[in-house]
Structure formats: C-alpha cells, structure tokens
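Since the structure comes first, as structure tokens, the remarks are kept for the end.
Below, all heavy atoms of this structure are taken into account, side chains as well, without hydrogens, waters or symmetry copies. Everything numeric here is computed off the predicted structure, so don't read it as measured data.
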Amino acid sequence: MAYLGDGKTGFTLELTWLRDRKEKYDLGECEFHLAMEAEDFVAAHEKHKEQGCICFENPEMGIYFIMDPDGYWIEIIPPADK
C-alpha cells in the first residue's frame with residue numbers, strides 16, 4: 001500500500017496492489033472505490049442506515065460502505081484523529 005498526498009491538505013489517495021491476484025481488475029467487483037471520512041461517523045451511519053444505502057459493514061474495522069446510483073461502493077470511515 002502507498003499513500004499519495006499534496007503535502008498541503010489532509011487528502012490522500014491510497015494505492016493498493018493485490019499481489020496474489022491472477023485475473024484482470026474489474027471495476028464491477030467493488031475492489032476499487034472512494035473512501036470518505038465522516039466528521040460525525042455515528043450520525044452519518046444512522047443517516048445512511050435510514051436511507052437504506054449501506055451495502056456492506058465491517059464493524060471490526062469500524063467502516064461501512066454505501067452504494068452510489070451507478071452501483072459503485074463508497075467507503076465511509078471515521079475521522080483519523082478519533
């Protein structure tokens with residue numbers, strides 16, 4: 001894993017490589033996605049739950065995913081400092 005940033009803001013791009021993967025990457029398998037940090041993670045989770053757009057949760061990692069209208073997953077993460 002590698003992270004790219006502009007050195008001015010807290011925005012980063014995480015680059016991953018699935019070393020053991022043999023087949024081509026496919027956007028449709030949700031392996032590639034955007035992640036957004038929620039300032040109020042609990043409130044965001046509740047709102048997304050009410051909207052019915054949570055498609056996957058990983059409580060052990062403290063993250064969840066919502067699906068956009070085109071079917072792409074967006075990872076929701078808590079603030080890094082909390």
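Between the CG atom in Asp6 and the CG atom in Leu13 there is a gap of 11.5 Å [rounded to 0.5 Å]. Note that NZ of Lys47 and CG of Asp40 are 11.5 Å apart. Values are rounded to the nearest 0.5 Å. Separation of atoms CD1 (Ile66) and NE2 (His48) is listed at 4.0 Å; rounding is to 0.5 Å.
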Report task. In sequence, state the C-alpha distance, the side-chain angles, and the governing distance for Ile76 and Ile63, and then conclude on side-chain contact (heavy atoms from CB on, under 4.5 Å). Result -> CA-CA 6 Å; Ile76 309 298; Ile63 62 171; over 6 Å; no
Requested in this report: In sequence, state the C-alpha distance, the side-chain angles, and the governing distance for Met36 and Ile74, and then conclude on side-chain contact (heavy atoms from CB on, under 4.5 Å).
Outcome: CA-CA 7 Å; Met36 304 291 176; Ile74 301 170; 3.8 Å; yes
Requested in this report: Tell me, with the steps shown, if Phe56 and Ile54 meet side-chain contact (heavy atoms from CB on, under 4.5 Å).
Outcome: CA-CA 6 Å; Phe56 180 78; Ile54 296 177; over 6 Å; no
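A donor-acceptor pair under 3.5 Å is formed between the side chain of Asp68 and the backbone N or O of Asp70.
Between Pro79 and Phe41, the shortest heavy-atom distance links the atoms CD-CB, 4.5 Å.
The aromatic rings of Tyr64 and His45 stand perpendicular to each other, their planes meeting at an angle above 60°, with 30° marking the opposite boundary.
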